[in-house]
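The next block holds one structure in the form of structure tokens; read it before the comments.
Letters A, B, ... are given to chains in the order of the sequence lines, protein chains preceding strands, and every chain is numbered from 1. Side-chain atoms are counted along with the backbone in the values below, which use heavy atoms only and exclude waters and symmetry mates.
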Amino acid sequence: MKQTITDILTEALARAKDKGDLILDVHPVITLETPKAKNHGDLATTLAMTLAKPEAKSPRVIAEIIIRNIQDRDGVLEATEIAGPGFINFVLKQDRWQQTLFDIDAEGNQYGFPNVGRGEKILLEYVSANPTGPLHVGHGRGAAVGDALANLLRAVGYDVQREFYVNDAGRQIRNLARSLYARYQQALGNAMPFPEDGYHGSYVEEIAEGLLQREGKKFLNTPFEDCEAPFADYGREAMLADIRSDLDAFGVHFDSWFSEASLLAAGAVQQSIEELRARKYAYEKDGALWLRSTAFGDDKDRVVVKQDGSYTYLATDIAYHRQKLSRGFKTLVNIWGADHHGYIPRVQAVIQAFGHPRDALHILLVQLVTLMRHGQPVPMSKRAGDFVTLRDVVQDVGSDAARYIFLTRRSDSHLDFDLDVAKEQSRENPVYYVQYAHARIASLYREAESRGIAVPASDGVDVSLLDSEEEQDIIKALAQYPEVIEEAALAYEPHRLTYYLQNLAGLLHNYYFKQRVITDEAGRTGSRLFLMKQVKTVIQSALGILGVTAPERM
RNA sequence: GCGCCCAUAGCUCAGCUGGAUAGAGCGUUGGACUACGAAUCCAAAGGCCAGAGGUUCGAAUCCUCUUGGGCGCACCA
């Protein structure tokens, strides 16, 4: 729809230039928007106002010139007017809008998915929780955002790979092993002090119990140094299995799980360092090896290899991102907890040090979630070991409600997650509002079927009967879906879909209340059922991207 | 001290990358079920977009400063 008007405007500008009405040294970018107020037409452009200065004419004069040069060959325009300081408002012919219903009917669940990605490969890394404890609610938000974003990017034609980076090297795992070892010994009656900075959660005891059952007492008198590996391996695998099953219950699935330890084992870290050296972005000072990240705007250079010869966390991250790039991904997207934002310049420096543009890496920050219960924040202390896990929340409120709520806010703003509201299957819960719209339509079909009325095929529909204000509003909302999808995808903002859905569902509920779909007139009933079918398709499509089910009944 | 993010209705938040009269949900008040699902709908009240300057035809949106919150500033991961 926008494209059609853009073409008409481009042509009008060219004509005005040929006739000498406008100078047009630089070809202006034509932007169209959907006005908020209905009496401002269906689409509006600010073109005349942006041209005012270069053309040295008043916006309204320019607008007149543009309109004079418009040729509407296909007859899509109902009216064109100049308004306010120089807006040009377009009103489209009704049948033009109604045409979108046939588009949706023909394209089905592919409707509204423009192929802007053209198969370009994107690596989307998210969650990437340390395998040292259960997923918490913040991970859940990252998972919901990442998964929806992956769906969204796929919808617009990107070749998306969803990856979970497993931090299975270094001190955290060692810590887990030590904690596990202590619990194991304690379970066997061996008084053993619990490590100061160990993991205190009860899950550690459960894992220790599992290990005990599998391996028996054979480590009872073995010093930790001699059995760290089996404890680390067992702990890692047990935690990953837990994480996997939690994500599974949440409907989040990854294409790949990338192990940090595998980078070390393959010598990738060493190779990366060599390459950085060759590129002159690594140097030695004070007995350590540094990344010259200041060359790319970081505050200071960063240590990669410590004085004692061991690697910093950055070292494996360097290797990991190099590895990602070497797999042929042009675009990398990382979803991080907002508390890691100080790390961004460093990693962007890494990307550039390897010769890639800074914006090859996008980092989305996800703010932490505050769980609310009875109007009070639920205390979350990982230190104490008892915190509300993602699993608890999903079991409590259900996957649909949790995912939807995670996606109702932009990811970098704080989120209060009210457990009572999320659990309540009532009007206060936004996810039910949208799902109810879908179920209502499904219910309409059942009703129609019971009366022997079928939804007509596209060639048997008279869409011109859909001429009420409510019907027009719905049709226009459906026509907007493709842009919402495209813009949400390109901005990496899946939350826009929840707002779109609220609006569409609202229009549907309003229409449903005001007008009857199944009427005495067969033609009208048919056209309305046809309209409902397309609404249902779009709701299902958008919910699908968010990873929320579209129920037939509730 | 330096850097990043945030500040919009009583509460929780949108605001389409600079457009026309700033929106939604909850909450409050008052209405709508003998017809397809009332998990719904309609209406009302509620705002100095934290404050002050600046950029321009035009600012919640961009720039600077101030105030007030969150988070980072490791040879930790």
Side-chain angles (χ1 to χ4, degrees), chain A residues 31 33-37 39-40 44-46 49-50 52-53 58-59 83-87 89 130 132 167 169-175 197 260 286-290 299-300 302-314 316-317 337-345 365 367-368 372 375 408-410 412-416 418 421 424-430 432-433 435-437 439-448 450-451 453 480 483-484 487-488 491 493 495-496 498-500 502-503 505-506 508-519 525 528-529 532 553-554:
Chain A
T31 55
E33 63 189 50
T34 320
K36 280 175 269 185
N39 58 350
H40 292 147
T45 183
T46 58
M49 286 181 278
T50 56
K53 197 170 226 178
S58 90
F87 292 97
N89 296 338
N130 290 334
T132 53
N167 294 111
R171 214 168 70 187
Q172 312 239 30
I173 282 286
R174 191 182 165 86
N175 238 334
D197 51 354
E260 180 187 9
D286 303 334
L289 186 89
W290 299 70
D299 293 339
K300 52 181 174 182
R302 308 289 173 174
V303 171
V304 179
V305 184
K306 300 181 228 173
Q307 283 180 342
D308 66 3
S310 62
Y311 295 130
T312 61
Y313 186 75
L314 180 61
T316 44
D317 253 357
D339 53 338
H340 288 75
H341 72 260
Y343 206 71
I344 293 175
L365 295 179
Q367 282 286 354
L368 296 185
M372 304 290 284
T408 50
R409 311 265 179 265
R410 31 179 319 144
D412 61 352
S413 74
H414 290 268
L415 174 65
D416 282 351
D418 191 319
V421 168
E424 212 173 324
Q425 303 205 350
S426 78
R427 68 190 67 187
E428 293 176 28
N429 196 337
Y432 291 105
Y433 186 79
Q435 288 183 319
Y436 184 47
R440 261 191 156 165
I441 296 173
S443 169
L444 265 175
Y445 285 176
R446 291 191 292 269
E447 178 66 22
S450 75
R451 298 193 202 177
I453 303 167
Q480 237 184 329
E483 336 166 357
V484 173
E487 287 169 9
E493 290 185 355
H495 78 275
R496 293 190 192 188
T498 58
Y499 281 84
Y500 174 80
Q502 308 274 59
N503 180 251
L508 185 277
H509 288 312
N510 177 275
Y511 174 64
Y512 181 91
F513 201 83
K514 285 189 178 157
Q515 296 190 34
R516 303 195 59 74
V517 171
I518 301 169
T519 66
T525 302
R528 289 180 175 179
L529 282 173
M532 290 298 104
R553 302 171 194 274
M554 293 170 67

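- Taking a pair to require two hydrogen-bonding distances under 3.5 Å in either a Watson-Crick or a G-U wobble arrangement, C16(B) remains unpaired.
- Minimum heavy-atom separation, Ile453(A) to Ile518(A): CD1-CG2, 3.7 Å.
- Each of A20(B), U40(B), G19(B) was ranked by its minimum atom distance to the side chain of His40(A); first place goes to A20(B).
- Across all strands shown, Arg516(A) has heavy atoms under 4.0 Å from base atoms, whether or not it also approaches the sugar-phosphate.
- C13(B) and U66(B) have their C1' atoms separated by 26 Å, with the value rounded to a whole Å.
- When heavy atoms are screened at a 4.0 angstrom cut-off, Thr312(A) is found touching the sugar-phosphate backbone but no base atom.
- Annotation for Asp412(A) and Gln367(A): closest pair O-CG, 3.2 Å, computed over non-hydrogen atoms.
- Rounded to whole Å, the C1' atom of A45(B) lies 40 Å from the corresponding atom of C4(B).
- Using the Watson-Crick or G-U wobble rule with both distances under 3.5 Å, A9(B) pairs with nothing in any strand shown.
- Checking the phosphate oxygens (OP1, OP2) of A38(B), no side-chain nitrogen or oxygen of Tyr433(A) falls inside 4.0 Å.
- Base engagement by Ala83(A) is indicated by at least one non-hydrogen atom pair under 4.0 Å involving a base atom.
- How far CZ of Arg410(A) is from CG of Leu415(A): 13.5 Å, rounded to the nearest 0.5 Å.
- The glycosidic torsion of U17(B) lies within 90° of 0, which places this base in the syn conformation.
- Each of U21(B), C73(B), C36(B) was ranked by its minimum atom distance to the side chain of Arg451(A); first place goes to C36(B).
- As a whole-Å value, the separation of His341(A) NE2 from C6(B) P is 11 Å.
- In this pair, Tyr343(A) does not lay its aromatic ring on the base of G72(B); centres under 5.5 Å and planes under 30 degrees do not both hold.
- For the P atoms, the distance linking C49(B) with A7(B) amounts to 14 Å, nearest Å.
- The aromatic ring of His495(A) does not stack onto the base of A14(B), failing the criterion of a centre distance under 5.5 Å from the six-membered base ring together with planes under 30° apart.
- Partner assigned to A39(B) is none, using Watson-Crick or G-U wobble distances below 3.5 angstrom.
- A distance of about 33 Å separates the P atoms of U12(B) and A74(B), rounded to the whole Å.
- The nearest pair of heavy atoms linking Lys306(A) to Thr312(A) is CG-CG2, 3.8 Å.
- For A38(B), the OP1/OP2 oxygens have a side-chain nitrogen or oxygen of Arg440(A) closer than 4.0 Å.
- Here the shortest heavy-atom pairing between Asp286(A) and Gln307(A) reads O-NE2, 2.8 Å.
- For C33(B), the O4'-C1' to base torsion is within 90° of 0; the nucleotide is therefore syn.
- Searching all strands for a Watson-Crick or G-U wobble partner of A52(B) with both distances below 3.5 Å returns U64(B).
- A sub-4.0 Å separation between OP1 or OP2 of A74(B) and a side-chain N or O of Lys306(A) is absent.
- Nearest heavy-atom pair across Gly506(A) and Tyr433(A) is CA-OH, 3.1 Å.
- Here C4(B) sits opposite G70(B) as a Watson-Crick or G-U wobble pair (both hydrogen-bonding atom distances under 3.5 Å).
- Of the candidate nucleotides C41(B), G3(B), A38(B), A38(B) has the atom nearest to the side chain of Tyr436(A).
- Across all strands, Gln515(A) comes closer than 4.0 Å to base atoms (heavy-atom distances).
- Between the side chain of Asn503(A) and the base of A14(B), no donor-acceptor pair of N or O atoms lies under 3.5 Å.
- Glu260(A) and Asn167(A) make their closest contact through OE1-CA, 3.3 Å (heavy atoms, listed as atom of the first residue, atom of the second, distance).
- Going from the C1' atom of U29(B) to that of G37(B) covers 27 Å, rounded to whole Å.
- Base pairing analysis places C33(B) opposite nothing; no Watson-Crick or G-U wobble pair with both distances below 3.5 Å involves it.
- Nearest nucleotide to the side chain of Asn89(A), out of C41(B), C13(B), A20(B): A20(B).
- Phosphate contact (OP1/OP2 of G18(B), side-chain N/O of Thr50(A), threshold under 4.0 Å): absent.
- For A39(B), neither phosphate oxygen OP1 nor OP2 lies less than 4.0 angstrom from any side-chain nitrogen or oxygen of Asn429(A).
- Residue Ala288(A) has its side chain nearest to C75(B) when only C75(B), C16(B), C41(B) are considered.
- Along RNA chain B, the nucleotide nearest to Val517(A) and the one nearest to His340(A) differ in position, and the one closer to the 5' end is contacted by Val517(A).
- A distance of 13.0 Å separates CG of Asp317(A) from CZ of Arg302(A), quoted to the nearest 0.5 Å.
- For A20(B), one of the phosphate oxygens OP1 or OP2 lies less than 4.0 angstrom from a side-chain nitrogen or oxygen of Lys36(A).
- Using a 4.0 Å heavy-atom distance criterion, Lys300(A) is classed as a sugar-phosphate-only contact.
- The side chain of Asp286(A) approaches C75(B) more closely than any other nucleotide in the set C75(B), C36(B), C76(B).
- Nucleotides A59(B) and C42(B) are separated by 33 Å at their P atoms, to the nearest Å.
- Here the nucleotide nearest the side chain of Tyr432(A), chosen from A39(B), G19(B), C41(B), is A39(B).
- Taking the C1' atoms as reference points, C71(B) lies 23 Å from A14(B), given to the whole Å.
- Comparing Ala52(A) and Thr46(A) against RNA chain B, the residue whose closest nucleotide sits nearer the 5' end is Thr46(A).
- Counting non-hydrogen atoms under 4.0 angstrom, Asp299(A) reaches nothing in the nucleic acid.
- Spacing of C1' atoms, C62(B) relative to U55(B), comes out at 8 Å, to the nearest Å.
- With rounding to whole Å, Arg409(A) atom CZ is found 14 Å from C11(B) atom P.
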